[in-house]
**Student:** 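One structure follows; several queries about it will come next.
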Amino acid sequence: MFRLLRWRLGRTLLRAAGRRCGGCAARLLPERAGDTGPGAGGLRGRGAPARGQGLLPLLAAFAWFARPTVAREPPEEEDAADEAEAEIIRLLKRAKLSIMKDEPEAAELILHDALRLAYQSDNKKAISYTYDLMANLAFIRGQLENAEQLFKATMSYLLGGGMKQEDNAIIEISLKLASIYAAQNKQEFALAGYEFCIATLEEKIEREKELAEDVMSVEEKANTYLLLGMSLDSCARYLLFSGHLSQAQRMYEKALQICQGIQGERHPQTIVLMSDLATTLDAQGRFDDAYIYMQRASDLAREINHPELHMVLSNLAAILTHRERYTQAKEIYQEALQQAELKRDEVSVQHIREELAELSRKSRLLT
């Protein structure tokens with residue numbers, strides 16, 4: 001039952017997180033130039049990179065928050081041992097549908113009903129699964145302290161059931177907790193959490209890499225590598241916006257290597273990581289290196305019609321601006337604007353229009 005899910009974008013629920021979380025997750029994401037909303041001032045005051053302004057966030061760091069850690073799906077109703085379990089499964093499916101429909105209040109009520117029934121029937125798997133869904137929902141709603149407690153409750157049930165600390169499900173919950181601490185600016189707890197996840201996974205991979213396939217499948221090994229990639233990605237994002245640029249760069253490079261090696265260069269998450277690495281290089285003033293990665297990311301994003309193509313293009317235009325390639329930058333911004341309008345992403349539309357206006361101002365000054 002306890003299987004790790006693959007890295008994915010989770011775009012719909014990310015947008016819900018962005019709307020509902022206010023300043024929490026935003027503190028770990030690139031801010032637009034001139035942002036003054038919650039989280040923007042705090043990061044820039046702590047030495048976040050001044051370069052890279054004008055780049056849009058791809059919102060990848062919290063993509064995996066929207067999914068349950070402990071299982072891919074609840075058990076099927078026909079596999080339920082009794083009537084109570086079948087009802088719990090029906091409630092969990094209704095709750096997940098409500099989350100997907102952006103109805104968090106309804107989902108929360110349904111999950112409380114599921115949790116009560118799980119306790120009444122002493123179904124420990126259902127209890128841990130429901131706690132995990134509740135924790136993800138709390139995060140989406142910006143209720144970070146509640147999410148923290150619920151993730152800890154999930155972990156407690158898993159450990160109490162005999163799961164080891166090095167199990168991927170435990171590490172993934174630890175990673176979510178570290179990201180919550182990062183969003184709350186609890187630096188000591190955040191860094192300790194990231195270090196635990198990365199070190200534990202690296203040791204686990206080294207220990208298990210020679211195991212035969214009949215002992216550990218290729219898929220299990222790949223999932224562990226992908227979880228290491230997610231850990232590196234999340235930690236890199238925190239380091240980037242804490243001003244530790246070279247450390248962030250190294251972690252993004254490792255995360256990109258893992259994702260590209262397992263999921264391929266054309267995978268949406270690989271493209272996101274290319275863009276993030278380019279953002280990190282851009283923040284260090286390494287505009288030519290940043291351009292190489294961002295140009296490749298934009299080419300691939302066009303090929304697969306990436307759901308965040310407009311953001312990748314906007315980031316490419318920003319780097320071209322930093323390289324003083326204003327004519328090219330204008331063309332790419334216009335393409336990005338068309339894509340953003342097609343996606344009805346009003347926040348991105350406004351941002352790109354602001355960048356185009358600023359670019360026109362610079363061009364006039366040069367003539």
Side-chain angles (χ1 to χ4, degrees), residues 1-22 24-25 59 61-161 163 168-170 172-177 179-180 183 230:
M1 178 175 181
F2 304 111
R3 290 183 292 175
L4 178 69
L5 301 187
R6 288 192 175 276
W7 214 339
R8 60 187 180 186
L9 290 175
R11 184 171 182 264
T12 303
L13 290 180
L14 270 175
R15 297 216 179 279
R19 288 196 302 274
R20 298 183 181 279
C21 198
C24 58
L59 301 179
F62 292 91
W64 41 281
F65 266 99
R67 71 176 194 227
T69 302
V70 298
R72 189 180 300 273
E73 295 288 347
E76 293 299 323
E77 292 178 41
E78 56 266 26
D79 297 332
D82 52 37
E83 186 176 338
E85 185 171 345
E87 178 60 20
I88 294 169
I89 293 167
R90 284 193 289 271
L91 289 169
L92 291 174
K93 289 182 176 180
R94 282 179 55 202
K96 292 181 73 174
L97 180 60
S98 293
I99 294 172
M100 293 303 298
K101 292 167 64 177
D102 195 17
E103 298 173 352
E105 293 83 4
E108 185 174 13
L109 291 173
I110 296 168
L111 287 171
H112 278 291
D113 288 341
L115 186 62
R116 183 179 66 253
L117 189 55
Y119 269 111
Q120 289 174 354
S121 58
D122 194 30
N123 189 326
K124 290 182 171 55
K125 288 184 178 180
I127 291 171
S128 60
Y129 188 95
T130 306
Y131 268 133
D132 195 47
L133 272 179
M134 293 173 75
N136 286 305
L137 179 59
F139 178 83
I140 291 170
R141 302 182 74 185
Q143 301 168 351
L144 296 188
E145 292 183 4
N146 190 25
E148 176 189 349
Q149 295 307 314
L150 288 165
F151 279 129
K152 286 180 177 178
T154 306
M155 186 183 292
S156 176
Y157 266 91
L158 295 178
L159 292 171
M163 187 173 286
N168 284 359
I170 298 297
E172 187 169 339
I173 293 173
S174 299
L175 180 55
K176 292 179 177 183
L177 286 168
S179 296
I180 287 173
M230 286 194 290

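Note that the coordinates shown come from a computational prediction; the quantities given were computed from them, not determined experimentally. Sequence positions, counted from 1, serve as the residue numbers for this chain.
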**Student:** I need the Leu115 CG to Leu91 CG distance, nearest 0.5 Å.
**Tutor:**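 One finds 11.0 Å between CG of Leu115 and CG of Leu91.
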**Student:** Taking all heavy atoms of Ile127 and all of Tyr157, pick out the closest pair and write down the distance.
**Tutor:**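 Between these two residues, the closest heavy atoms are CG2-CZ, 3.6 Å.
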**Student:** Between Asp132 and Met134, is there a side-chain heavy-atom distance shorter than 4.5 Å?
**Tutor:**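 No, their side chains stay 4.5 Å or more apart.
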**Student:** Can you list everything that forms a side chain to side chain donor-acceptor pair (under 3.5 Å) with Lys101? Sequence neighbours excluded, please.
**Tutor:**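 Applying side chain to side chain donor-acceptor pair (under 3.5 Å) to Lys101 gives none.
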**Student:** Considering only heavy atoms from C-beta outward, does the side chain of Leu97 approach that of Lys93 to under 4.5 Å?
**Tutor:**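 Contact flag for Leu97/Lys93 side chains = no.
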**Student:** Any side-chain heavy-atom pair from Asn136 and Ile99 closer than 4.5 angstrom?
**Tutor:**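 Not touching, per the 4.5 Å side-chain cut-off.
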**Student:** Can I get a per-line list of side-chain donor-acceptor pairs under 3.5 Å for residues 106-114, giving both atom names and the distance, sequence neighbours left out?
**Tutor:**
| from | atom 1 | to | atom 2 | distance (Å) |
| --- | --- | --- | --- | --- |
| Glu108 | OE1 | Arg141 | NH1 | 2.4 |
| Asp113 | OD1 | Arg116 | NH1 | 3.2 |
| Asp113 | OD1 | Arg116 | NH2 | 3.3 |

**Student:** Might you point out which heavy atoms bring Thr154 and Ser128 nearest each other, and give the distance in Å?
**Tutor:**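 Nearest pair, atom of Thr154 first, then Ser128: CG2-O, 3.6 Å.
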**Student:** Out of curiosity, Ile180 CD1 to Gln143 CD, how far, rounded to the nearest 0.5 Å?
**Tutor:**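 Separation between the atoms: 11.5 Å.
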**Student:** Of the non-hydrogen atoms in Ala147 and Phe139, which two are nearest, and what is the gap between them?
**Tutor:**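 Taking every non-hydrogen atom into account, CB-N, 3.8 Å.
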**Student:** Say you draw a straight line from CG of Leu177 to CD of Gln149; how long is it, rounded to the nearest 0.5 Å?
**Tutor:**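 Rounded to the nearest 0.5 Å, the CG-CD separation comes out at 9.5 Å.
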**Student:** How many angstroms lie between CD1 in Ile89 and CZ in Arg94, if you round to the nearest 0.5 Å?
**Tutor:**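 The distance works out to 14.5 Å.
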**Student:** For Ala153, which residues count as a side-chain contact (heavy atoms from CB on, under 4.5 Å) partner, sequence neighbours excluded?
**Tutor:**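 side-chain contact (heavy atoms from CB on, under 4.5 Å) check on Ala153 returns Tyr131.
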**Student:** Nearest 0.5 angstrom please: Leu137 CG to Asn146 CG, how far?
**Tutor:**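 With rounding to 0.5 Å, CG (Leu137) is 9.0 Å from CG (Asn146).
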**Student:** Ser121: what forms a side-chain contact (heavy atoms from CB on, under 4.5 Å) with it, not counting sequence neighbours?
**Tutor:**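 Result, side-chain contact (heavy atoms from CB on, under 4.5 Å) vs Ser121: Ala84, Ile88, Asn123.
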**Student:** Quick check on Glu145: does its CD atom have over 12 non-hydrogen neighbours (other residues, nucleotides or ligands) under 6.0 Å away?
**Tutor:**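 For Glu145, atom CD is not crowded (no more than 12 foreign heavy atoms under 6.0 Å).
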**Student:** Quick one: which residue pairs count as a salt bridge (Lys or Arg N to Asp or Glu O under 4.0 Å) with a foot in residues 148-159, not counting sequence neighbours?
**Tutor:**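 Non-adjacent pairs meeting salt bridge (Lys or Arg N to Asp or Glu O under 4.0 Å): Glu148-Lys152.
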